[in-house]
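Worksheet: the structure to be examined is printed underneath.
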There are 2 protein chains.
Amino acid sequence: MKIGELASKAKCSAETIRYYEKEGLLPAAERSPSNYRSYGDGHLERLRFIRNCRALDMAHDEIRALLALMDAPDAGCGAVNDLVDEHIGHVDRRIRELTDLKQQLSALRQQCPSERALDTCGILRGLASMDAGALGKRHTHLG
Amino acid sequence: MKIGELASKAKCSAETIRYYEKEGLLPAAERSPSNYRSYGDGHLERLRFIRNCRALDMAHDEIRALLALMDAPDAGCGAVNDLVDEHIGHVDRRIRELTDLKQQLSALRQQCPSERALDTCGILRGLASMDAGALGKRHTHLG
DNA sequence: CTTGACCTTGAAGTGGCTTCAAGGTCTTGA
DNA sequence: TCAAGACCTTGAAGCCACTTCAAGGTCAAG
(Lines give C-alpha, C1' and ligand atoms only; values in the text may rest on other atoms or scores of the structure.)
Protein backbone atom coordinates (compact mmCIF):
# COMPACT_ATOMS: atom_id res chain seq x y z
CA MET A 1 0.00 0.00 0.00
CA LYS A 2 1.27 3.49 -0.84
CA ILE A 3 1.46 6.36 1.58
CA GLY A 4 -1.79 7.98 0.45
CA GLU A 5 -3.79 4.83 1.05
CA LEU A 6 -2.21 4.34 4.46
CA ALA A 7 -2.97 7.96 5.28
CA SER A 8 -6.63 7.66 4.41
CA LYS A 9 -6.97 4.39 6.34
CA ALA A 10 -5.42 5.98 9.43
CA LYS A 11 -7.20 9.29 8.92
CA CYS A 12 -4.12 11.42 8.85
CA SER A 13 -2.10 13.11 6.12
CA ALA A 14 0.75 11.62 4.13
CA GLU A 15 2.96 14.42 5.46
CA THR A 16 2.23 13.34 9.02
CA ILE A 17 3.28 9.79 8.17
CA ARG A 18 6.56 10.95 6.66
CA TYR A 19 7.06 13.08 9.75
CA TYR A 20 6.51 10.09 12.07
CA GLU A 21 9.04 8.12 10.08
CA LYS A 22 11.59 10.90 10.43
CA GLU A 23 10.84 11.06 14.17
CA GLY A 24 11.37 7.34 14.56
CA LEU A 25 7.79 6.61 15.65
CA LEU A 26 7.01 4.58 12.57
CA PRO A 27 9.65 2.23 11.08
CA ALA A 28 10.87 3.17 7.62
CA ALA A 29 8.82 1.60 4.84
CA GLU A 30 10.24 -0.51 2.07
CA ARG A 31 10.51 1.20 -1.28
CA SER A 32 9.02 0.32 -4.64
CA PRO A 33 11.19 0.38 -7.79
CA SER A 34 9.99 3.95 -8.30
CA ASN A 35 11.08 4.85 -4.76
CA TYR A 36 7.55 5.10 -3.38
CA ARG A 37 7.07 4.01 0.24
CA SER A 38 5.34 0.62 0.48
CA TYR A 39 3.39 -0.30 3.63
CA GLY A 40 1.82 -3.44 5.07
CA ASP A 41 -0.84 -4.07 7.70
CA GLY A 42 1.70 -3.96 10.50
CA HIS A 43 2.44 -0.36 9.65
CA LEU A 44 -1.24 0.47 9.67
CA GLU A 45 -1.70 -1.09 13.12
CA ARG A 46 1.23 0.81 14.52
CA LEU A 47 0.12 4.06 12.94
CA ARG A 48 -3.38 3.66 14.35
CA PHE A 49 -1.85 3.06 17.76
CA ILE A 50 0.17 6.25 17.44
CA ARG A 51 -2.83 8.28 16.26
CA ASN A 52 -4.87 7.00 19.19
CA CYS A 53 -2.13 8.06 21.58
CA ARG A 54 -2.06 11.50 19.94
CA ALA A 55 -5.84 11.76 20.20
CA LEU A 56 -5.22 11.38 23.93
CA ASP A 57 -2.67 14.21 23.73
CA MET A 58 0.32 12.08 24.53
CA ALA A 59 3.64 13.60 23.54
CA HIS A 60 5.88 11.84 21.05
CA ASP A 61 8.27 10.94 23.86
CA GLU A 62 5.47 9.23 25.75
CA ILE A 63 4.38 7.36 22.65
CA ARG A 64 7.94 6.30 21.92
CA ALA A 65 8.17 4.94 25.45
CA LEU A 66 4.92 3.00 25.05
CA LEU A 67 6.04 1.54 21.73
CA ALA A 68 9.34 0.46 23.26
CA LEU A 69 7.52 -1.21 26.16
CA MET A 70 5.24 -2.92 23.71
CA ASP A 71 8.19 -4.28 21.79
CA ALA A 72 9.92 -5.61 24.91
CA PRO A 73 9.35 -9.36 24.71
CA ASP A 74 9.08 -10.43 28.33
CA ALA A 75 7.88 -7.37 30.16
CA GLY A 76 4.71 -6.97 32.15
CA CYS A 77 2.59 -3.91 31.71
CA GLY A 78 3.34 -2.18 35.00
CA ALA A 79 5.38 0.48 33.24
CA VAL A 80 2.53 1.03 30.77
CA ASN A 81 0.16 1.63 33.65
CA ASP A 82 2.61 4.05 35.24
CA LEU A 83 3.02 6.00 32.02
CA VAL A 84 -0.71 6.37 31.56
CA ASP A 85 -1.15 7.38 35.20
CA GLU A 86 1.49 10.02 34.74
CA HIS A 87 -0.20 11.31 31.64
CA ILE A 88 -3.52 11.52 33.45
CA GLY A 89 -1.62 13.60 35.99
CA HIS A 90 -0.51 15.98 33.21
CA VAL A 91 -4.05 16.41 32.01
CA ASP A 92 -5.31 16.91 35.53
CA ARG A 93 -2.74 19.58 36.33
CA ARG A 94 -3.58 21.42 33.14
CA ILE A 95 -7.29 21.32 33.92
CA ARG A 96 -6.58 22.82 37.32
CA GLU A 97 -4.39 25.52 35.79
CA LEU A 98 -7.06 26.47 33.31
CA THR A 99 -9.74 26.46 35.97
CA ASP A 100 -7.72 28.92 38.03
CA LEU A 101 -7.19 30.97 34.89
CA LYS A 102 -10.87 31.11 34.15
CA GLN A 103 -11.52 32.27 37.68
CA GLN A 104 -9.03 35.10 37.21
CA LEU A 105 -10.54 36.07 33.89
CA SER A 106 -14.07 36.02 35.23
CA ALA A 107 -13.05 38.20 38.16
CA LEU A 108 -11.40 40.60 35.72
CA ARG A 109 -14.45 40.63 33.51
CA GLN A 110 -16.67 41.59 36.42
CA GLN A 111 -14.60 44.71 36.94
CA CYS A 112 -16.29 46.14 33.89
CA PRO A 113 -19.84 44.91 33.52
CA SER A 114 -20.85 47.56 31.00
CA GLU A 115 -19.61 49.79 28.23
CA ARG A 116 -17.86 52.85 29.56
CA ALA A 117 -14.99 55.20 28.76
CA LEU A 118 -11.61 53.56 28.35
CA ASP A 119 -9.92 55.30 31.24
CA THR A 120 -12.44 53.97 33.72
CA CYS A 121 -12.66 50.47 32.21
CA GLY A 122 -12.09 48.04 35.05
CA ILE A 123 -10.62 45.39 32.78
CA LEU A 124 -7.88 47.61 31.45
CA ARG A 125 -7.17 48.84 34.97
CA GLY A 126 -7.00 45.29 36.16
CA LEU A 127 -4.64 44.25 33.39
CA ALA A 128 -2.42 47.22 34.12
CA SER A 129 -2.21 46.60 37.86
CA MET A 130 -2.35 42.81 38.23
CA ASP A 131 0.65 41.03 39.67
CA ALA A 132 1.75 38.73 36.91
CA GLY A 133 3.76 36.55 39.29
CA ALA A 134 0.52 35.40 40.93
CA LEU A 135 -0.01 32.59 38.44
CA GLY A 136 2.44 29.75 38.06
CA LYS A 137 4.07 28.52 34.89
CA ARG A 138 2.87 25.70 32.67
CA HIS A 139 4.30 22.33 33.66
CA THR A 140 3.16 19.92 31.02
CA HIS A 141 3.07 19.40 27.32
CA LEU A 142 -0.63 20.16 27.23
CA GLY A 143 -0.29 23.86 26.62
CA MET B 1 16.97 52.17 32.54
CA LYS B 2 18.72 49.38 30.65
CA ILE B 3 17.09 46.19 29.47
CA GLY B 4 18.25 44.05 32.40
CA GLU B 5 16.72 46.41 34.93
CA LEU B 6 13.46 46.56 33.00
CA ALA B 7 13.47 42.78 32.79
CA SER B 8 13.88 42.31 36.53
CA LYS B 9 11.20 44.93 37.30
CA ALA B 10 8.75 43.18 34.96
CA LYS B 11 9.88 39.68 36.01
CA CYS B 12 10.73 38.49 32.56
CA SER B 13 13.95 37.95 30.64
CA ALA B 14 15.80 40.51 28.53
CA GLU B 15 15.40 38.16 25.58
CA THR B 16 11.64 38.26 25.99
CA ILE B 17 11.70 42.06 25.91
CA ARG B 18 13.76 42.12 22.72
CA TYR B 19 11.32 39.58 21.28
CA TYR B 20 8.31 41.78 22.15
CA GLU B 21 10.01 44.70 20.45
CA LYS B 22 10.58 42.65 17.32
CA GLU B 23 6.93 41.51 17.46
CA GLY B 24 5.70 45.08 17.74
CA LEU B 25 4.14 44.61 21.17
CA LEU B 26 6.56 46.98 22.84
CA PRO B 27 7.68 50.16 21.07
CA ALA B 28 11.38 50.32 20.20
CA ALA B 29 13.49 51.87 22.94
CA GLU B 30 15.83 54.81 22.48
CA ARG B 31 19.48 53.98 22.36
CA SER B 32 22.36 55.12 24.53
CA PRO B 33 25.65 56.24 22.90
CA SER B 34 26.89 52.68 23.34
CA ASN B 35 23.77 51.38 21.54
CA TYR B 36 22.17 49.96 24.65
CA ARG B 37 18.36 50.12 24.81
CA SER B 38 17.15 52.81 27.19
CA TYR B 39 13.70 52.55 28.78
CA GLY B 40 11.39 54.81 30.79
CA ASP B 41 8.45 54.18 33.09
CA GLY B 42 6.01 54.13 30.18
CA HIS B 43 7.78 51.10 28.79
CA LEU B 44 7.61 49.39 32.15
CA GLU B 45 3.86 50.00 32.43
CA ARG B 46 3.22 48.65 28.96
CA LEU B 47 5.44 45.65 29.54
CA ARG B 48 3.65 44.84 32.81
CA PHE B 49 0.35 45.05 30.96
CA ILE B 50 1.62 42.62 28.34
CA ARG B 51 2.99 40.20 30.93
CA ASN B 52 -0.32 40.27 32.77
CA CYS B 53 -2.14 39.44 29.56
CA ARG B 54 0.29 36.58 28.94
CA ALA B 55 -0.22 35.32 32.49
CA LEU B 56 -3.87 35.03 31.46
CA ASP B 57 -2.77 33.05 28.38
CA MET B 58 -3.81 35.64 25.85
CA ALA B 59 -2.21 35.26 22.45
CA HIS B 60 -0.04 38.02 21.05
CA ASP B 61 -2.77 38.88 18.57
CA GLU B 62 -5.25 39.37 21.38
CA ILE B 63 -2.80 41.53 23.30
CA ARG B 64 -2.03 43.58 20.21
CA ALA B 65 -5.77 44.17 19.80
CA LEU B 66 -6.11 45.25 23.42
CA LEU B 67 -3.16 47.63 23.14
CA ALA B 68 -4.62 49.15 19.98
CA LEU B 69 -7.98 49.64 21.71
CA MET B 70 -6.22 51.21 24.65
CA ASP B 71 -4.45 53.64 22.38
CA ALA B 72 -7.64 54.64 20.57
CA PRO B 73 -8.42 58.08 22.00
CA ASP B 74 -12.21 58.25 21.95
CA ALA B 75 -13.32 54.67 22.15
CA GLY B 76 -15.42 53.04 24.83
CA CYS B 77 -14.44 49.71 26.25
CA GLY B 78 -17.14 47.56 24.69
CA ALA B 79 -14.59 45.94 22.37
CA VAL B 80 -12.34 45.24 25.33
CA ASN B 81 -15.17 43.45 27.08
CA ASP B 82 -15.89 41.43 23.95
CA LEU B 83 -12.29 40.41 23.57
CA VAL B 84 -12.08 39.21 27.16
CA ASP B 85 -15.38 37.35 26.84
CA GLU B 86 -14.07 35.62 23.76
CA HIS B 87 -10.89 34.66 25.54
CA ILE B 88 -12.86 33.25 28.45
CA GLY B 89 -14.66 31.19 25.80
CA HIS B 90 -11.30 29.82 24.59
CA VAL B 91 -10.33 28.79 28.10
CA ASP B 92 -13.71 27.24 28.70
CA ARG B 93 -13.61 25.17 25.53
CA ARG B 94 -10.15 23.92 26.38
CA ILE B 95 -11.25 22.94 29.87
CA ARG B 96 -14.10 20.96 28.38
CA GLU B 97 -11.78 19.27 25.88
CA LEU B 98 -9.38 18.26 28.61
CA THR B 99 -12.18 17.03 30.85
CA ASP B 100 -13.39 14.76 28.05
CA LEU B 101 -9.82 13.64 27.53
CA LYS B 102 -9.38 12.77 31.18
CA GLN B 103 -12.54 10.73 31.04
CA GLN B 104 -11.18 8.78 28.08
CA LEU B 105 -7.86 8.23 29.81
CA SER B 106 -9.47 7.10 33.04
CA ALA B 107 -11.67 4.64 31.17
CA LEU B 108 -8.56 3.35 29.40
CA ARG B 109 -6.69 3.04 32.65
CA GLN B 110 -9.46 0.95 34.17
CA GLN B 111 -8.98 -1.60 31.42
CA CYS B 112 -5.83 -2.70 33.19
CA PRO B 113 -6.09 -2.33 36.94
CA SER B 114 -3.06 -4.50 37.69
CA GLU B 115 0.28 -5.71 36.41
CA ARG B 116 -0.09 -8.44 33.86
CA ALA B 117 1.48 -9.79 30.69
CA LEU B 118 1.77 -7.31 27.84
CA ASP B 119 -0.43 -9.20 25.42
CA THR B 120 -3.37 -9.11 27.78
CA CYS B 121 -2.81 -5.53 28.98
CA GLY B 122 -6.11 -3.71 28.53
CA ILE B 123 -4.46 -0.34 28.03
CA LEU B 124 -2.39 -1.48 25.10
CA ARG B 125 -5.40 -3.25 23.63
CA GLY B 126 -7.45 -0.12 24.05
CA LEU B 127 -4.82 2.05 22.40
CA ALA B 128 -4.60 -0.36 19.50
CA SER B 129 -8.33 -0.57 18.92
CA MET B 130 -9.67 2.90 19.83
CA ASP B 131 -11.27 4.98 17.12
CA ALA B 132 -9.10 8.06 16.95
CA GLY B 133 -11.76 10.05 15.16
CA ALA B 134 -13.87 10.03 18.30
CA LEU B 135 -12.18 13.10 19.75
CA GLY B 136 -12.32 16.47 18.03
CA LYS B 137 -9.43 18.74 17.19
CA ARG B 138 -8.12 21.61 19.26
CA HIS B 139 -9.76 24.90 18.47
CA THR B 140 -7.90 27.51 20.45
CA HIS B 141 -4.46 28.76 21.18
CA LEU B 142 -4.50 27.16 24.60
CA GLY B 143 -3.05 23.83 23.56
C1' DC C 1 44.49 46.20 32.96
C1' DT C 2 41.87 42.44 33.69
C1' DT C 3 37.85 40.27 35.30
C1' DG C 4 33.19 39.67 34.97
C1' DA C 5 28.59 41.58 34.57
C1' DC C 6 26.03 43.48 31.27
C1' DC C 7 24.79 44.60 26.52
C1' DT C 8 24.45 43.76 21.08
C1' DT C 9 22.81 40.82 16.86
C1' DG C 10 21.29 36.85 14.50
C1' DA C 11 20.39 32.03 14.17
C1' DA C 12 18.66 27.78 15.82
C1' DG C 13 15.87 24.88 18.97
C1' DT C 14 11.23 23.60 21.22
C1' DG C 15 6.60 20.36 19.52
C1' DG C 16 3.73 18.49 16.24
C1' DC C 17 2.75 19.14 12.69
C1' DT C 18 1.24 21.97 7.91
C1' DT C 19 2.43 24.17 3.76
C1' DC C 20 5.23 25.18 -0.02
C1' DA C 21 8.42 24.54 -3.93
C1' DA C 22 10.22 21.94 -7.45
C1' DG C 23 10.32 18.18 -9.26
C1' DG C 24 9.49 12.59 -10.62
C1' DT C 25 5.93 8.64 -11.59
C1' DC C 26 1.81 6.49 -12.78
C1' DT C 27 -2.97 5.95 -14.59
C1' DT C 28 -6.52 7.01 -17.59
C1' DG C 29 -8.93 8.42 -21.57
C1' DA C 30 -8.91 10.81 -26.22
C1' DT D 1 0.63 7.72 -28.25
C1' DC D 2 0.60 11.19 -25.47
C1' DA D 3 -1.16 14.65 -22.33
C1' DA D 4 -3.70 15.73 -18.13
C1' DG D 5 -3.98 15.15 -13.60
C1' DA D 6 -3.43 12.34 -9.47
C1' DC D 7 -0.08 10.69 -6.81
C1' DC D 8 4.68 10.37 -5.09
C1' DT D 9 9.64 12.32 -3.75
C1' DT D 10 12.81 15.62 -0.91
C1' DG D 11 13.90 19.53 1.77
C1' DA D 12 12.88 23.92 3.69
C1' DA D 13 9.96 27.19 5.95
C1' DG D 14 5.99 28.52 8.80
C1' DC D 15 3.20 28.25 13.18
C1' DC D 16 3.58 30.14 18.53
C1' DA D 17 5.96 32.28 22.31
C1' DC D 18 9.57 32.11 23.57
C1' DT D 19 14.67 30.05 25.10
C1' DT D 20 19.29 29.14 24.13
C1' DC D 21 23.51 29.70 21.82
C1' DA D 22 27.43 31.91 19.52
C1' DA D 23 30.35 35.59 18.92
C1' DG D 24 31.23 39.56 19.99
C1' DG D 25 31.08 44.95 22.18
C1' DT D 26 30.85 48.02 26.67
C1' DC D 27 31.54 49.32 31.19
C1' DA D 28 32.49 49.57 36.33
C1' DA D 29 35.27 47.85 40.07
C1' DG D 30 39.53 46.12 42.04
Side-chain angles (χ1 to χ4, degrees), chain A residues 1-26 28-39 43 47 50-65 67 87 90 94 101 132 135 137-143, chain B residues 1-26 28-39 43 47 50-65 67 87 90 94 101 132 135 137-143:
Chain A
M1 145 175 57
K2 285 187 284 183
I3 200 171
E5 195 184 340
L6 179 64
S8 72
K9 280 185 180 162
K11 291 173 196 155
C12 68
S13 73
E15 289 81 8
T16 300
I17 294 172
R18 280 191 284 260
Y19 174 67
Y20 287 169
E21 180 183 318
K22 202 173 49 178
E23 288 293 286
L25 288 173
L26 205 55
E30 307 198 348
R31 297 300 184 119
S32 76
S34 53
N35 197 33
Y36 289 3
R37 286 170 179 83
S38 174
Y39 296 97
H43 286 99
L47 179 54
I50 295 169
R51 294 303 292 172
N52 285 337
C53 290
R54 286 294 302 138
L56 298 174
D57 260 347
M58 290 183 200
H60 283 188
D61 274 355
E62 292 175 312
I63 301 173
R64 242 186 298 272
L67 290 169
H87 184 60
H90 296 162
R94 185 56 174 150
L101 191 53
L135 290 100
K137 317 234 133 95
R138 312 290 157 255
H139 299 297
T140 76
H141 59 87
L142 290 172
Chain B
M1 134 177 66
K2 284 187 285 183
I3 200 171
E5 194 183 340
L6 179 64
S8 72
K9 279 186 180 163
K11 290 173 197 157
C12 69
S13 74
E15 289 82 7
T16 300
I17 294 173
R18 280 191 285 258
Y19 175 67
Y20 287 169
E21 180 184 319
K22 202 172 51 179
E23 288 292 287
L25 289 174
L26 205 56
E30 306 198 348
R31 297 299 183 120
S32 76
S34 53
N35 198 32
Y36 289 5
R37 286 171 179 82
S38 173
Y39 295 96
H43 284 100
L47 179 54
I50 296 169
R51 292 306 290 174
N52 285 336
C53 290
R54 286 295 302 137
L56 298 173
D57 260 345
M58 291 184 199
H60 283 190
D61 274 356
E62 293 174 312
I63 301 173
R64 243 186 298 271
L67 289 169
H87 185 60
H90 295 162
R94 186 55 176 152
L101 191 53
L135 290 100
K137 317 227 135 103
R138 313 288 157 257
H139 299 297
T140 77
H141 59 86
L142 289 173

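Just so it is clear, the values below take in all heavy atoms, side chains as well, and ignore hydrogens, waters and symmetry mates. Protein chains get the first letters and strands the later ones, always in sequence-line order, with residue 1 at the start of each.
Whole-Å rounding puts the B:Lys2 NZ to D:dA28 P distance at 7 Å. Atom CD1 of A:Ile3 is separated from atom C1' of D:dT9 by 10 Å (rounded to the nearest Å). Rounded to a whole Å, the CZ atom of B:Arg18 is 14 Å from the C1' atom of C:dA11. Separating the CG atom of A:Asn35 from the C1' atom of D:dT9 is a distance of 7 Å, rounded to the nearest angstrom. To the nearest angstrom, C1' of D:dC18 lies 10 Å from NZ of B:Lys22. The distance between atom CD of B:Glu23 and atom P of D:dC18, rounded to the nearest whole Å, is 9 Å. Note: CG (A:Leu142) to C1' (C:dT14) measures 16 Å, nearest angstrom. In this structure, B:Glu5 atom CD and C:dC7 atom C1' are separated by 14 Å, rounded to whole Å.
How far CZ of B:Arg18 is from OG of B:Ser13: 8.0 Å, rounded to the nearest 0.5 Å. Note that OH of A:Tyr39 and CD1 of A:Ile3 are 4.0 Å apart. Values are rounded to the nearest 0.5 Å.
Considering only heavy atoms from C-beta on, B:Arg51 comes within 4.5 Å of B:Leu47 through its side chain.
Residue B:Thr16 has its side chain nearest to D:dT19 when only D:dT19, D:dT10, D:dA17 are considered. Here the side chain of A:Tyr19 is nearest to one of D:dA17, C:dT8, C:dC17, namely C:dC17.
Phosphate contact (OP1/OP2 of C:dG15, side-chain N/O of A:Arg54, threshold under 4.0 Å): absent. At the phosphate of C:dC17, OP1 or OP2 sits under 4.0 Å from a side-chain N or O atom of A:Arg51. Applying the 4.0 Å criterion to OP1 and OP2 of C:dT9, one finds that B:Arg31 has a side-chain N or O inside that range. Of the side-chain N and O atoms in A:His60, none sit less than 4.0 angstrom from OP1 or OP2 of C:dG15. Put simply, B:Tyr20 has no side-chain N or O that comes within less than 4.0 Å of OP1 or OP2 on D:dA17.
Summary of the strand contacts: A:Ser34 and A:Ser13 both lie near DNA chain C, and taking for each the nucleotide with the nearest heavy atom, the more 5' one is attributed to A:Ser13. Residue order along DNA chain D, read from the 5' end via each residue's closest nucleotide, puts B:Arg64 first among B:Arg64 and B:Glu15.
Counting distance only, with no hydrogens placed and no angle test, the side-chain atoms of A:Tyr36 and the base atoms of C:dG24 include a donor-acceptor pair under 3.5 Å.
If you check the side chains of B:Tyr20 and B:Arg54, you find no donor sitting under 3.5 Å from an acceptor.
Atom CD of B:Glu30 has 12 or fewer heavy atoms from other residues, nucleotides or ligands within 6.0 Å.
Nucleic acid contact class of A:Arg37 (heavy atoms, under 4.0 Å, all strands): sugar-phosphate only. Residue contacts shown for A:Ala59 are limited to sugar-phosphate atoms, with no base heavy atom under 4.0 Å away.
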